[in-house]
A.B. asks: 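The structure's right below; bear with me while I get my questions together.
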Amino acid sequence: MSSRLVGVGVGPGDPELVTVKGVNALREADVVVVPVMDTGERGRAEATVLHYVPEEKVVRVVFALNERSDRGRRESAWDAAGGRVAELLRHHGSVAFATIGDPNVYSTFTYLAQTIAELVPGTVVETVPGITAMQDLAARSGAVLTEGTEPLTLVPVTAGATVLKEALAGPGTVVAYKFGRQAHEVAGALRETGRLADAVWGSALGLPEESIRPAAELDGAPLPYLSTLIAPARRDGGRGGKL
């Protein structure tokens, strides 16, 4: 029988935002893998998973989650992590991999699945969708992501503030991920494009240290890496104006 690898989205941090299907997938798996940085501290995925499965079922695997500049170190870490998960798949029929947010949106699971396809041919790969940070921030802040025919653009600011500025110059709502280290540049891009007034940012959503503030309060100080920004579309046509 083929091994089964399931990427499970466990949401942005609030344990109550894991779907019923996600909880079932975690509990049905023989082993639940959680990614950790080489510093060893417990991440959001692990903290969320431990609300639903016993600690002895969880396997911590090191990923270079914070490595952006040293590609060789990043690739080496991916290979080592993939090797560890491949080993687990050879001894267990079903392995779940817990990832914050959704496994198909900027997730480490994508790279893991590609590696496993090479190391353990025939492995069945599945994903269980999860609530994303932009959905959670929209709900907690009251920001409307889209109306009518409006587009929605999602930008990781690790790609550079220029990419964000280009998106803000266009129509529709713009969501920025991972912008904490470039908070100053992001605030400047919002001002230059006239999108500052209605924008909102949040970090640690659903956790005790949660912070949700108007983007106009950005003072250039660095924010947590996993900060999320929503710059809503310009809406001046009244109710249903974008239909």
A.B. asks: So, for A113 and L5, which heavy atoms are closest and what is the spacing to 0.1 Å?
C.D. replies: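 Reported closest heavy-atom pair: CA-CD2, 4.5 Å.
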
A.B. asks: Taking it one step at a time, do V105 and L154 satisfy side chain to side chain contact (heavy atoms under 4.5 Å, CB included)?
C.D. replies: CA-CA 10 Å; V105 181; L154 176 59; 4.0 Å; yes

A.B. asks: Please give me the minimum heavy-atom distance between L229 and A215, naming the atom from each residue.
C.D. replies: CD1-CB, 4.0 Å

A.B. asks: Between T99 and V8, is any pair of side-chain heavy atoms under 4.5 Å apart?
C.D. replies: no

A.B. asks: In terms of hydrophobic clusters joined by side-chain contacts under 4.5 Å, are V31 and Y52 together?
C.D. replies: no

A.B. asks: Taking all non-hydrogen atoms of both residues into account, name the closest pair between K57 and E28 and its distance.
C.D. replies: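 Heavy-atom minimum between the residues: NZ-N, 4.2 Å.
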
A.B. asks: Going only through I, L, V, M, F, W and Y residues with side-chain contacts under 4.5 Å, is there a path from V61 to L119?
C.D. replies: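 As far as the 4.5 Å side-chain criterion goes, L119 and V61 are connected within one cluster.
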
A.B. asks: Have a look at Y111 and tell me which of W78, F63, F97 forms a ring-ring contact (aromatic ring centres under 6.0 Å, His included) with it.
C.D. replies: W78

A.B. asks: Which value, rounded to the nearest 0.5 Å, describes the distance between L190 atom CG and L196 atom CG?
C.D. replies: 5.5 Å

A.B. asks: Closer than 3.5 angstrom, by distance alone: can the side chain of S107 be matched with the main-chain N or O of N104 as a donor-acceptor pair?
C.D. replies: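 No, S107 side chain to N104 backbone: no donor-acceptor pair under 3.5 Å.
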
A.B. asks: Name all residues meeting the side chain to side chain donor-acceptor pair (under 3.5 Å) criterion together with Q182; count only those two or more places apart in sequence or in a different chain, and write none if there are none.
C.D. replies: none

A.B. asks: Below 4.5 Å, heavy atoms only, C-beta onward: do L112 and V85 meet side chain to side chain?
C.D. replies: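 In short, these two side chains touch, coming nearer than 4.5 Å.
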
A.B. asks: CG/D136 to OG/S141 distance, rounded to the nearest 0.5 angstrom?
C.D. replies: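 Between D136 CG and S141 OG, I get 9.5 Å after rounding to 0.5 Å.
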
A.B. asks: Check this for me: E217, atom CD, are more than 12 non-hydrogen atoms of other residues, nucleotides or ligands nearer than 6.0 Å?
C.D. replies: yes

A.B. asks: Determine whether the side chains of S94 and D30 contain a donor N or O and an acceptor N or O closer than 3.5 Å.
C.D. replies: no

A.B. asks: Inspect the surroundings of NE2 in H92 and state if more than 12 heavy atoms from other residues, nucleotides or ligands are less than 6.0 Å away.
C.D. replies: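 Correct, the count exceeds 12.
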
A.B. asks: I'd like to know if the side chain of T173 and the backbone of A233 have a donor-acceptor N/O pair within less than 3.5 Å.
C.D. replies: yes

A.B. asks: Does one hydrophobic cluster hold both L207 and L50, with members joined at side-chain heavy-atom distances below 4.5 Å?
C.D. replies: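 Looking at the clustering, L50 is in a separate group from L207.
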
A.B. asks: Determine yes or no for a side-chain-to-main-chain donor-acceptor pair under 3.5 angstrom, with D102 supplying the side chain and G130 the backbone.
C.D. replies: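 Confirmed, D102 side chain pairs with G130 backbone.
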
A.B. asks: CD/E166 to OG1/T162 distance, rounded to the nearest 0.5 angstrom?
C.D. replies: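 Between E166 CD and T162 OG1, I get 6.5 Å after rounding to 0.5 Å.
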
A.B. asks: Does V124 reach the side chain of E126, with side-chain heavy atoms less than 4.5 Å apart?
C.D. replies: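 A side-chain contact under 4.5 Å exists here.
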
A.B. asks: Just by modelled atom types, is the R42 backbone N or O under 3.5 Å from a matching donor or acceptor in the E46 side chain?
C.D. replies: no

A.B. asks: Can you name the nearest heavy-atom pair linking P12 to I131, along with the distance?
C.D. replies: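 Scanning both residues, the minimum pair turns out to be CD-O, 3.5 Å.
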
A.B. asks: Less than 4.5 Å apart, any side-chain heavy atom of I230 and any of L145?
C.D. replies: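 In short, these two side chains touch, coming nearer than 4.5 Å.
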
A.B. asks: Look at the side chain of E150 and the backbone N and O of E147, then say whether any donor-acceptor pair between them is shorter than 3.5 Å.
C.D. replies: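 A pair under 3.5 Å: yes.
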
A.B. asks: What's the separation between atom CD1 in I100 and atom OG1 in T132, rounded to the nearest 0.5 Å?
C.D. replies: 11.0 Å

A.B. asks: Apply salt bridge (Lys or Arg N to Asp or Glu O under 4.0 Å) to residues E185 and K165 and explain how you reach the verdict.
C.D. replies: CA-CA 9 Å; E185 291 85 348; K165 190 181 298 184; over 6 Å; no

A.B. asks: To the nearest 0.5 angstrom, please state how far the CG atom of L218 sits from the CZ atom of R191.
C.D. replies: 7.5 Å

A.B. asks: Could you report the tightest heavy-atom contact between A167 and V174, atom names first, then the distance?
C.D. replies: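 It is O-CG2, 3.5 Å.
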
A.B. asks: Does V59 share a hydrophobic cluster with V95, counting links as ILVMFWY side-chain heavy atoms below 4.5 Å and allowing steps through other members?
C.D. replies: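 Per the 4.5 Å side-chain linkage, V59 and V95 are co-clustered.
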
A.B. asks: Considering residues, nucleotides and ligands other than E118, do more than 12 of their heavy atoms fall under 6.0 Å from its CD?
C.D. replies: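 Open.
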
A.B. asks: Report whether V157 and L205 are members of the same hydrophobic cluster (ILVMFWY, side-chain heavy atoms less than 4.5 Å apart, transitive linking).
C.D. replies: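 They do not share one cluster, since no chain of ILVMFWY contacts under 4.5 Å joins V157 to L205.
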
A.B. asks: Could you tell me whether the side chain of M134 reaches within less than 4.5 Å of the side chain of L152, counting heavy atoms only?
C.D. replies: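 Side-chain contact under 4.5 Å: yes.
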
A.B. asks: What are the two closest non-hydrogen atoms of V32 and A98, and how far apart are they?
C.D. replies: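 What the structure gives for the nearest pair is CG1-CB, 4.4 Å.
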
A.B. asks: Can you find a heavy atom in the side chain of P214 that is under 4.5 Å from one in the side chain of W201?
C.D. replies: no

A.B. asks: Going by distance alone, is a donor N or O of one side chain under 3.5 Å from an acceptor N or O of the other, for S3 and T123?
C.D. replies: no

A.B. asks: Are Q135 and L137 packed together at the side-chain level, in the sense that at least one heavy-atom pair is separated by less than 4.5 angstrom?
C.D. replies: no

A.B. asks: Would you mind reporting whether T153 and V175 have side-chain heavy atoms less than 4.5 Å apart?
C.D. replies: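 No - every pair of side-chain heavy atoms lies 4.5 Å or more apart.
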
A.B. asks: If I take atom OH from residue Y177 and atom OG1 from residue T158, how far apart are they, to the nearest 0.5 angstrom?
C.D. replies: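 So the gap between those two atoms works out to 12.5 Å.
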
A.B. asks: Short question: side chain of R195, backbone of A231 - any donor-acceptor pair under 3.5 Å?
C.D. replies: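 Present.
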
A.B. asks: Name all residues meeting the side-chain contact (heavy atoms from CB on, under 4.5 Å) criterion together with D79; count only those two or more places apart in sequence or in a different chain, and write none if there are none.
C.D. replies: none

A.B. asks: Tell me, with the steps shown, if R84 and E87 meet salt bridge (Lys or Arg N to Asp or Glu O under 4.0 Å).
C.D. replies: CA-CA 5 Å; R84 179 72 178 103; E87 180 184 354; 3.6 Å; yes

